[in-house]
Number of protein chains: 4
Amino acid sequence: MPETLAGYEPAAAAVLPAAVRDFVAGGSGAELTLHRNRAALDAITVTPRILGAVDQPKTTTKLLRTPCALPLAVAPMAYQKLLHPEGELLLAAAAAAAGVPYVISTLSSTPLEKIAAAAPSWFQLYWLRDRNLVGALIDRATEAGCHALMVTVDVPIMGQRLRDVRNGFALPPEVIAANLVDKYTEAHKTPGTGSAIAAHTALAFDPAFSWRDLEWIRRRTDLPLVLKGILDPRDALTALDAGADGLVVSNHGGRQFDGAPAAIDALSSVIDAVGNEMTVLLDSGIRSGADIVKALARGAHGVLVGRPLLWALALGVPADALTTLGRELRDAMLLAGCADLTAVADLITGRD
Amino acid sequence: MPETLAGYEPAAAAVLPAAVRDFVAGGSGAELTLHRNRAALDAITVTPRILGAVDQPKTTTKLLRTPCALPLAVAPMAYQKLLHPEGELLLAAAAAAAGVPYVISTLSSTPLEKIAAAAPSWFQLYWLRDRNLVGALIDRATEAGCHALMVTVDVPIMGQRLRDVRNGFALPPEVIAANLVDKYTEAHKTPGTGSAIAAHTALAFDPAFSWRDLEWIRRRTDLPLVLKGILDPRDALTALDAGADGLVVSNHGGRQFDGAPAAIDALSSVIDAVGNEMTVLLDSGIRSGADIVKALARGAHGVLVGRPLLWALALGVPADALTTLGRELRDAMLLAGCADLTAVADLITGRD
Amino acid sequence: MPETLAGYEPAAAAVLPAAVRDFVAGGSGAELTLHRNRAALDAITVTPRILGAVDQPKTTTKLLRTPCALPLAVAPMAYQKLLHPEGELLLAAAAAAAGVPYVISTLSSTPLEKIAAAAPSWFQLYWLRDRNLVGALIDRATEAGCHALMVTVDVPIMGQRLRDVRNGFALPPEVIAANLVDKYTEAHKTPGTGSAIAAHTALAFDPAFSWRDLEWIRRRTDLPLVLKGILDPRDALTALDAGADGLVVSNHGGRQFDGAPAAIDALSSVIDAVGNEMTVLLDSGIRSGADIVKALARGAHGVLVGRPLLWALALGVPADALTTLGRELRDAMLLAGCADLTAVADLITGRD
Amino acid sequence: MPETLAGYEPAAAAVLPAAVRDFVAGGSGAELTLHRNRAALDAITVTPRILGAVDQPKTTTKLLRTPCALPLAVAPMAYQKLLHPEGELLLAAAAAAAGVPYVISTLSSTPLEKIAAAAPSWFQLYWLRDRNLVGALIDRATEAGCHALMVTVDVPIMGQRLRDVRNGFALPPEVIAANLVDKYTEAHKTPGTGSAIAAHTALAFDPAFSWRDLEWIRRRTDLPLVLKGILDPRDALTALDAGADGLVVSNHGGRQFDGAPAAIDALSSVIDAVGNEMTVLLDSGIRSGADIVKALARGAHGVLVGRPLLWALALGVPADALTTLGRELRDAMLLAGCADLTAVADLITGRD
């Protein structure tokens, strides 16, 4: 078993088909933003405190009204059966065991109701051309007991993920978009030129997503509403006005606009704009407990963790990965002299 | 076919003679400025916007009174028959198909009239020792229907391009400076020590080009006048006073003064000086749609695209390359949440 | 014999078992902070002075009331018999010969009394769960004639040193924590999964070390009290209020919180806060006389030197290493035009 | 023949004994400052001007009352017969042909009088323990017609040049310190442990050189007096007060204090302090005409060129190297749009 959360990637890479590994690991374009996420997190420094009488650091918090044993949620990620036959259910069970929310993807390969029954969940929503389908998804998520609605706002189209294009990546027969059994589904399956995943997105997603559409969503649900994929503080302020409860500062793990800043570098201006009034989560690049400390010391209230949990899922042990991450976070807090997350937020940060 | 504009270079490198590849790819001196152009563009970040209701981004603009389907022109580049037997005519046809101006080089290997008949064109002018020839070129360009005159101001002599020197690069018999059939022409052809191209330049170009000479040009033509090769904002202001309509912020693709700043880094001070009163284009290093977004977000009104189109020309498919670039630009605008180029100009930029 | 202090590491690496070499060389986590220490010191510049009439630079100083021939002390380091059968006694004798204090580790593999008899010593204290043992250690150190008490404040738990974890590193039978023969001792010896050293620390150390505990220590001894492992200037001020006489700005050689700033980068704000009222030493990364000049020019009153002396101990020649370092310091002072350490403190510094 | 000044180094490396190559190429310590000199010059940008009507850039200037065809002098360098049997006489003749001053080293392997007869020369002085010898050298240089006295102030001892130490470098029998035939001479010749060059320096040089000694020199000669090896602006002001006419901002090519800033980075503060009142030359790292433009754009009045000319001397063609450098400078000035050196000083500079 890997000793660190970061250790799951090389371990999984050894057991996965190359095209699946590329689908998970890859970014868009020249992967400048993908690499920038890690370079920025590595370059950030956090100055530890001492003599804080810390024995058992308290990692609990509440994110969007959901109590969390750790300041994180499992990021929404499509098609988890690509990694493991049990897919979403195995990762959601791990989240439940770890006491953190699992964010169900619109593109989950297991029906959302089954996942929501397995773990405290939030539901992630893409803006689809079929408005009835969007409405139905919101209703289904609400009825299934999801605790929040996370609307992804940075995928008008899919970023050009050259690894998938060159691999001609398509979903295998046993993996489907389980929540979206409709006329577009077959597009995923058609190996041809380019990425079948991108072809499906182009067909199914509505790029013309607008603030007006968001108002429609806001009226449609009483669930806490969080926008995923915000980087510009002007948009953060508009989101606050539009009634959003939270934001995820994210560049989609370097998979959308290749040229976007590192999410951690965009965080501060968003926090300055709305940090006192909204829940702000940091996504894109988190690979360790120390990374969580960096994000929180820079003002985030919590983080999303994505790829490392897919690697652990591929190995069949996502619960172990979350256990490892929890230990890393507690160790980092101990070493940084922090009794709780408020103390983490008070740490001085720098940058190489 | 390459999936990206940047992909044409390796593809073309596989089919071109090494000396021609070097002539296109190389820079001057230690190639510090050549590499700096790319390093600077890679390091620039642009912060995307969201929920802008963007479906079909509008990429059209007007540059120097010329309507453009994309905010770019094909950079003036010499001797395009080195890359393909049809040379300038094939690339100009691609520009016409893409709806962007083609800038005819003084050193085109096809007579300017033939090119201007094939595409909406601007004419690029070098300042030659033979003043009658300069005047004749302006007259010919005007009569041929060129829509603007782009005067290159950064080639008093040719920068020392060591690849060409070491290759003893000379033009093959079938490639000529078609607009300049004069006493100097043979210099191009003489393989000897060093670069025959540089030898020709030393004979034919007048290094003592002055603001007074520019006034002479200004009086000579009513065409919009744009100076190519400006980096210092003091020169930008002088150019404005001298009646120029536009500027190209450029270090000649790293081929002239090796030590010049990256063009994209010099852009801001030029924009601050004259950006409201002149058309300012960015040249040197543009390799993708995301790069165009970066240039426009930093204040440029458009860009010149050079080497990538020569690589595509070598493969016989410059139109495909422009199609790819148009798609990259639209995708980048969609991903950055921009409905039009004004929105691009409003994006926040940063730098690693 | 290596010509430079830095040269002892490769020489020792050739004679040590890999696991011992890793135990000494390694850092925690991804070793970001370990590498940052060196990168920061390499990047710092110091501007030499001229014509200072310097012939024999005066390197003497007083640190925590202890006269020192060089502005340094031998850092406290555990289990020196891992490197050489004579262990601490050989290195302490070298310190005595060089005229610098030797800091006895709580985890020395030789009883502290024997070491203190061999060299002018300070005693380093870890905060153990067994409070009687802590008290006894303070009493023993005082009775043995130690001149200062250095309390390590950055090890509530041991940082995750992956090299040791992967090596399953445990102490060999002949190496013991000679000052701590108690119920936990055997933990060091048990090869199993992970680092036996870390297992021992987890059992024996009390992570809940507090400022109140420090007050208890302060009352318990009249020795000069110095806290090792401070990086945040707010903690420096609290330490001053708590009656500490000195501080060691240190990230434990990159072995504790991986994400901490380079010690040399954290130095200035600590100096600004308390530099006029406390003795401030710099630890973590010193590898040459020029490094000492850098630390002192940045405001430190002295430094701790650690790993290089262990490498020299492994070769059986720690006295040679201290001689080399003394020569390097004098040479650096001569080349920087400094007659004494006050002149070093007046040098202008920069950073690449 | 190399096409560039920088090209002489690899060409010479192929013909020189490794120990001589190392003696010329090496720096002190970890060679941090050696590499920093080049990294800093490469990182500096200079923004070209346009349309300056420049045809034949005027490179002439006057340095320390000496008319110079180029804004440079040949740096003082010891033992040039190591590179070529004719040694100093061949390089001095090249300087004379190029119209630039040749700086005779105290440690020249040819008597200073012979060199001064071959070229317009300055004399470089080390501060030796034998004060009569120092006085005699000043008198000899004056009588020989040297036009300036350049006093090296950054060699109280020799920096530890590890390449020489490891090579056990000693002078071959046919190379002597021709101006210093005295009791120390034999030290150069004794292969033993370490560098025989350093051993000689330790014996012959007086590290306790002081401002008072400089006053003695100032009174002793009416020649223009320039101090070589200044980096701190406070020393520059003292030098002005002491009656010096010029300064060389230099870190001795990275051969003395390893940790010093790049000379080009130290230049600005020295220029700010005394640039209007003294002649300030930049030494350390100049390898091209573009580098000279960078130095002058940063405020230097001229530069010293060292190692590249030794490489050319090793190939027997120092005159060609100076011709190449003159061409590079004129080309760089043309490309930067500068009619003369005053225009160069007006260029805008930046730094990556």
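Below, each value reflects all heavy atoms present in this structure, side chains not excepted, and no hydrogens, waters or symmetry copies. Throughout, a chain's letter reflects where its sequence line sits, starting with A, and its residues are numbered from 1.
Not one N or O on the side chain of Asp164(A) forms a donor-acceptor pair closer than 3.5 Å with the backbone of Phe169(A).
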Item to check | Test log, rule side chain to side chain contact (heavy atoms under 4.5 Å, CB included), inputs Lys228(B) and His252(B) | outcome: CA-CA 8 Å; Lys228(B) 176 169 179 285; His252(B) 216 108; 4.0 Å; yes

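Using a 4.5 Å cut-off between heavy atoms, Val165(A) touches chain B through its side chain atoms alone. Contacts of Ala260(A) with chain B are made by both backbone and side-chain atoms, with heavy-atom separations under 4.5 Å. Interface residue Asp352(B): only side-chain heavy atoms are found under 4.5 Å from chain A. Within the 4.5 angstrom heavy-atom criterion, no atom of Ala339(B) approaches chain A. Contacts of Leu162(A) with chain B are made by side-chain atoms alone, with heavy-atom separations under 4.5 Å and no backbone atom involved. Heavy atoms of Ile44(B) lying under 4.5 Å from chain A belong exclusively to its backbone. Contact of Leu231(A) with chain B is made through backbone and side chain together, with heavy-atom distances under 4.5 Å. With a threshold of 4.5 angstrom between heavy atoms, Pro261(A) approaches chain B through its backbone and through its side chain. The part of Asp258(A) that comes within reach of chain B is its backbone (N, CA, C, O), which places non-hydrogen atoms under 4.5 angstrom from that chain. The contact between Val54(B) and chain A is made entirely by backbone atoms, counting heavy-atom distances below 4.5 Å. Residue contact with chain A, scored on non-hydrogen atoms closer than 4.5 Å, involves the side chain of Arg327(B) exclusively.
Taking 4.0 Å as the cut-off between side-chain N and carboxylate O, Lys58(B) and Asp340(B) do not count as a salt-bridged pair. Using a 4.0 Å cut-off between charged nitrogen and carboxylate oxygen, Asp346(B) and Arg234(A) count as a salt-bridge pair. Asp42(B) and Arg351(B) are not joined by a salt bridge, as no carboxylate oxygen comes within less than 4.0 angstrom of a charged side-chain nitrogen. Salt-bridge annotation for Asp265(A) and Arg36(A): absent, with no side-chain N of the basic residue lying under 4.0 Å from a carboxylate O of the acidic one.
The closest side-chain donor-acceptor pair between Arg298(A) and Thr349(A) falls under 3.5 angstrom.
Each of Arg166(A), Arg255(A), Arg163(A) was compared with Asp22(A) under the salt bridge (Lys or Arg N to Asp or Glu O under 4.0 Å) criterion, and only Arg163(A) meets it.
Contact count against chain A (heavy-atom pairs under 4.5 Å) is highest for Leu51(B) among Val46(B), Leu51(B), Thr45(B).
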